[in-house]
Amino acid sequence: MSMRTYMRVASMVALVAVWWIGSLFTLPEVLPSPFRIVMTMGRILVELGPEGHSAYFHIGITLFRIIIAFVVAMLAGIGIGLAMGLRKTVEYSLMSLIPLFLTIPTILMVFLAVLWFGFSETGSLVAVMAVVTPFVTVNMAEGTKAMDKSLMDMAKSFKANPRMMIRKVYIPQLMPYLMSAFRYSFGMTWKIVALAETFGIKFGIGYMFFFWFENFDMEQVLAWVLLFVILMLIIEYGVIARFEQRAFAWRRTFSAAAL
C-alpha cells in the first residue's frame, strides 16, 4: 500500500472513529452511530421507500438530472469561452457579465430559479448553468488566450488541416484548463441538483433528504447523505479520475521518452 493510499484510509478511519465517539455522548435521534447508519443504508437499498419507490429510482433520477445539467453547462461554457478567447469583440461584450454571475451565491441562484420556474426540471437546469457555465467560460477563455501561438503558426505552415489542428494543437493545450473546469463543474452540479431537489423538485436523492428531515428521522437523513456522497465519490475516482489519467497519458509517455 502506497503512502498516499495509507493516509487516505487512515483519515477515513479517524473520521469514523470521531463520529462513533461523538455518537456515544449524544442521543441517537441527534447523532446515530456509524453502524446504525450503515444498517439503515442496507434497508434503503433493499426495501421500497415512501410512495412505493425504491432507492434506485431516486438515484437514477438524480443522476439523470446531474448528467443533463452538467453536459449542457459544460458545452455552453466551452463554446462561450472559446469565442471569448479567440474574438476580442466577444470578450469585451461579455467581460462585465461573467463576474456578475460568478459573484451570485449558489443558494441564492437556486432560490431565484425556483421562484422563476417553480419546482421543475427547468429551474434546476437554469441554476446549474448560471453557476457552472461562467466558471467554465473563464477557464476556457484563459486557456485559449494562453495557447502557444508559435506552435499554431508552425502547424499552419506545415499545412495542417482543421481536424489535425484541433486534435494535435488545440486540445492538448486546452486539456489542463478543460479538466480543471470539468472537475469543479461536476462537483458544483451535483450539489446544486441535490439542493434544488431538497427545495421541492419531486423525487431524487435531495427530495429524500427533505422528506426524512420533515419526519425528524436523523438515521434516514444521514443514510441518504452518506449514500449520495459514496455515489459521487465512486463517479469522481472511478470515472473522472480514470478519464483524466487517460487524457494525460501522453505526458507520462513524453516524460519517459525525454529521460
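M39 and W224 fall into different hydrophobic clusters, where Ile, Leu, Val, Met, Phe, Trp and Tyr side chains are chained together by heavy-atom contacts under 4.5 Å. F57 and I68 are members of different hydrophobic clusters when ILVMFWY side chains are connected at heavy-atom separations under 4.5 Å. There is a path of hydrophobic side-chain contacts, each under 4.5 Å, that joins I104 to I98. I230 is not connected to W20 by any chain of hydrophobic side-chain contacts under 4.5 Å among Ile, Leu, Val, Met, Phe, Trp and Tyr, and they are in different clusters. L226 and Y207 fall within the same hydrophobic cluster, where Ile, Leu, Val, Met, Phe, Trp and Tyr residues are linked whenever their side-chain heavy atoms come under 4.5 Å apart, directly or through other members.
Using modelled atom types, one side-chain atom of T103 and one backbone atom of L100 make a donor-acceptor pair closer than 3.5 Å.
Across all their heavy atoms, M74 and A181 have their closest contact at SD-O, 4.2 Å. The two residues V221 and F209 make their nearest non-hydrogen contact at CG2-O, 3.9 Å. When all heavy atoms are compared, the tightest approach of P32 to R36 is CB-CB, 4.5 Å. Across every non-hydrogen atom of M140 and I78, the tightest pair is CG-CA, 3.9 Å. Nearest heavy atom pair, residue I37 against residue A223, reads CG2-CA, 3.8 Å. Nearest heavy atoms, T189 versus A69: CG2-CB, 4.1 Å.
Between the side chains of R65 and T62, no donor-acceptor pair is found at a separation under 3.5 Å.
Rounding to the nearest 0.5 Å places CD1 of I107 at 13.5 Å from NZ of K191. Once rounded to the nearest 0.5 Å, the distance linking OG1 of T198 with CZ of F211 reads 14.0 Å. In this structure, the separation between CG on D217 and OG1 on T40 is 7.5 Å, given to the nearest 0.5 Å. Taking OG of S185 as the start and CE of M179 as the end, the distance is 10.5 Å to the nearest 0.5 Å. Going from atom CD1 of I44 over to atom CD of E219 covers 9.5 Å, rounded to the nearest 0.5 Å. Taking CE from M129 and CZ from F101, the interatomic distance works out to 10.0 Å, rounded to the nearest 0.5 Å.
Using a 4.5 Å heavy-atom threshold, the side chains of I192 and M109 count as separate. Counting heavy atoms from C-beta outward, L45 and Y56 have side chains that approach closer than 4.5 Å.
Looking at V131, L195, V126 one by one, the single match for side chain to side chain contact (heavy atoms under 4.5 Å, CB included) with V110 turns out to be L195. Checking each of V128, L231, V193 against I66 for a side chain to side chain contact (heavy atoms under 4.5 Å, CB included) leaves exactly one that passes, namely V193.
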Given M84 and V138, is the side-chain contact (heavy atoms from CB on, under 4.5 Å) satisfied, shown in steps?
CA-CA 9 Å; M84 289 181 64; V138 171; over 6 Å; no

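With sequence neighbours excluded, the residues that form a ring pair (Phe, Tyr, Trp, His ring centres under 6.0 Å) with F70 are F182, F186.
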